[in-house]
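First comes the structure, then the notes that go with it.
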Amino acid sequence: MARKTAKEMDALEIDEFLESQQTGVLALANDDDAYAVPLSFAYDDEDRSVYLRLGFAPGSQKQRYLEATDHVSFVVYDDTDEGWKSVLVEGTVTMLSHDSLDAAIVEVMEGLDIPYFQVHSRPATDIQFNVACIEPTRVSGIIEGYSHRKERTR
């Protein structure tokens, strides 16, 4: 019988995992209401910052929650050969101007594989795109698996 295992990730494992991923879930709150949204991201292992490309349509719920949230959580997870890996980045969000972005971050953000499809009936020209940075106050990761994990089939 397989035994469930759990192991905390060290800083190097967290960096390698975040650099290998492109999507995560940003959790926001407004008083007792919660809001979570999947987003593409870029990771800077030098200062452990997470960069997000955010689109805001007029009256955006995401923008309202972001403005009401002082402290955010961003979760990145994947089912790997070692088991489920997840990293939690907690911190504050700063909206950045294009001029304040370093060239390497701009290049990474432009290379993100962001699916472009129409979610709402409004034209894409109505959406304002911004880059935000999560400045982490805490980063943690865990690997959860089984001691005799079977081959995965997809």
Side-chain angles (χ1 to χ4, degrees), residues 1-57 60-96 101-102 104-120 127 129-154:
M1 179 171 186
R3 190 183 83 236
K4 188 168 181 165
T5 62
K7 170 189 169 293
E8 284 190 38
M9 297 168 74
D10 62 30
L12 183 58
E13 289 172 313
I14 289 171
D15 288 347
E16 289 173 352
F17 179 68
L18 289 176
E19 289 171 344
S20 73
Q21 302 298 305
Q22 290 191 351
T23 58
V25 178
L26 179 66
L28 306 168
N30 185 354
D31 294 324
D32 290 337
D33 293 325
Y35 181 74
V37 60
L39 295 169
S40 296
F41 75 96
Y43 178 68
D44 182 351
D45 65 354
E46 286 189 29
D47 61 4
R48 304 192 100 187
S49 294
V50 173
Y51 293 87
L52 309 168
R53 184 168 179 253
L54 303 172
F56 300 122
S60 168
Q61 183 177 9
K62 179 175 28 181
Q63 187 171 20
R64 283 193 316 273
Y65 274 83
L66 190 59
E67 289 170 355
T69 305
D70 292 326
H71 191 83
V72 303
S73 295
F74 187 70
V75 179
V76 179
Y77 62 94
D78 194 16
D79 185 8
T80 72
D81 291 336
E82 296 174 77
W84 280 98
K85 289 185 179 181
S86 61
V87 170
L88 174 63
V89 178
E90 298 175 89
T92 57
V93 174
T94 302
M95 300 303 288
L96 304 174
L101 295 174
D102 142 320
I105 296 299
V106 171
E107 184 178 340
V108 169
M109 294 301 293
E110 289 174 352
L112 287 177
D113 184 20
I114 300 172
Y116 287 94
F117 54 90
Q118 192 168 350
V119 178
H120 304 286
I127 298 174
F129 288 96
N130 297 284
V131 174
C133 176
I134 300 175
E135 298 166 3
T137 55
R138 181 173 175 253
V139 179
S140 60
I142 192 166
I143 301 170
E144 295 180 283
Y146 291 91
S147 59
H148 295 92
R149 189 172 171 109
K150 294 180 180 179
E151 282 288 320
R152 295 183 312 172
T153 57
R154 291 186 188 236

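Hydrogens, waters and symmetry mates are skipped; everything else that's a heavy atom, side chains included, is used. Starting from 1, each residue takes its place in the sequence as its number.
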If you take all heavy atoms of [X] and [Y], which pair is closest and at what distance?
| X | Y | result |
| --- | --- | --- |
| V25 | A36 | CG1-CB, 3.8 Å |
| T69 | A29 | OG1-O, 2.7 Å |
| G24 | V76 | CA-CG2, 4.2 Å |
| A132 | L54 | CB-CD1, 3.7 Å |

**Asked** Can you name the side-chain contact (heavy atoms from CB on, under 4.5 Å) partners of D32, sequence neighbours left out?
**Response**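 Residues passing side-chain contact (heavy atoms from CB on, under 4.5 Å) with D32: none at all.
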
**Salt bridge present between K7 and E13 (N-O < 4.0 angstrom)** =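 Salt bridge present between K7 and E13.
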
**Message:** Assess whether a salt bridge exists between D15 and R48, defined as any Lys/Arg side-chain N lying under 4.0 Å from an Asp/Glu carboxylate O.
**Reply:**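 Salt bridge flag = yes for R48 with D15.
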
**Message:** Quick check: do D45 and L18 have side-chain heavy atoms less than 4.5 Å from each other?
**Reply:**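 Contact flag for D45/L18 side chains = no.
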
**Prompt:** Is the shortest heavy-atom distance from the side chain of T92 to the side chain of I134 under 4.5 Å?
**Reply:**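 Result no, sub-4.5 Å side-chain heavy-atom pair not found.
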
**Message:** What verdict does the side chain to side chain contact (heavy atoms under 4.5 Å, CB included) test give for V131 and L52, after you've listed the backbone C-alpha separation in whole Å, the side-chain angles of each residue and the deciding distance to 0.1 Å?
**Reply:** CA-CA 6 Å; V131 174; L52 309 168; over 6 Å; no

Rounded at 0.5 Å granularity, tell me how far [atom1] in [X] sits from [atom2] in [Y].
| X | Y | atom1 | atom2 | value |
| --- | --- | --- | --- | --- |
| L26 | T23 | CG | OG1 | 12.5 Å |
| H71 | E90 | NE2 | CD | 4.5 Å |
| I143 | T80 | CD1 | OG1 | 6.5 Å |
| N30 | L66 | CG | CG | 11.0 Å |
| Q22 | L39 | CD | CG | 13.0 Å |
| E144 | D79 | CD | CG | 11.5 Å |

**Item:** Stepwise side chain to side chain contact (heavy atoms under 4.5 Å, CB included) test for Y43 and V89
**Value:** CA-CA 11 Å; Y43 178 68; V89 178; 5.7 Å; no

**Message:** For the residue pair S49 / D47, report whether a side-chain donor-acceptor contact shorter than 3.5 Å exists.
**Reply:**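 Side chains of D47 and S49: pair found under 3.5 Å.
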
**Message:** For E8 and S140, which I'm curious about, is there any donor-acceptor pair between the side chains at under 3.5 Å?
**Reply:**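 No pair is found: no donor N or O on one side chain lies under 3.5 Å from an acceptor on the other.
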
**Request:** List the steps, then state whether side chain to side chain contact (heavy atoms under 4.5 Å, CB included) holds for L88 with S73.
**Result:** CA-CA 7 Å; L88 174 63; S73 295; 3.9 Å; yes

**Asked** Taking the six-membered ring for Trp, are Y51 and F41 ring centroids under 6.0 Å apart?
**Response**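 Judged by ring-centre distance (under 6.0 Å), Y51 and F41 do not meet the cut-off.
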
**Message:** Taking D33's backbone N and O only, do any of them form a donor-acceptor pair with D31's side chain (distance below 3.5 Å, no angle check)?
**Reply:**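 Not a single qualifying donor-acceptor pair exists.
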
**Message:** Going by the rule ring-ring contact (aromatic ring centres under 6.0 Å, His included), which residues pair with Y65 if we only count those two or more places apart in sequence or in a different chain?
**Reply:**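 ring-ring contact (aromatic ring centres under 6.0 Å, His included) check on Y65 returns Y35.
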
**Request:** Kindly determine whether F17 and M9 satisfy side chain to side chain contact (heavy atoms under 4.5 Å, CB included), including the steps that lead there.
**Result:** CA-CA 10 Å; F17 179 68; M9 297 168 74; 3.7 Å; yes

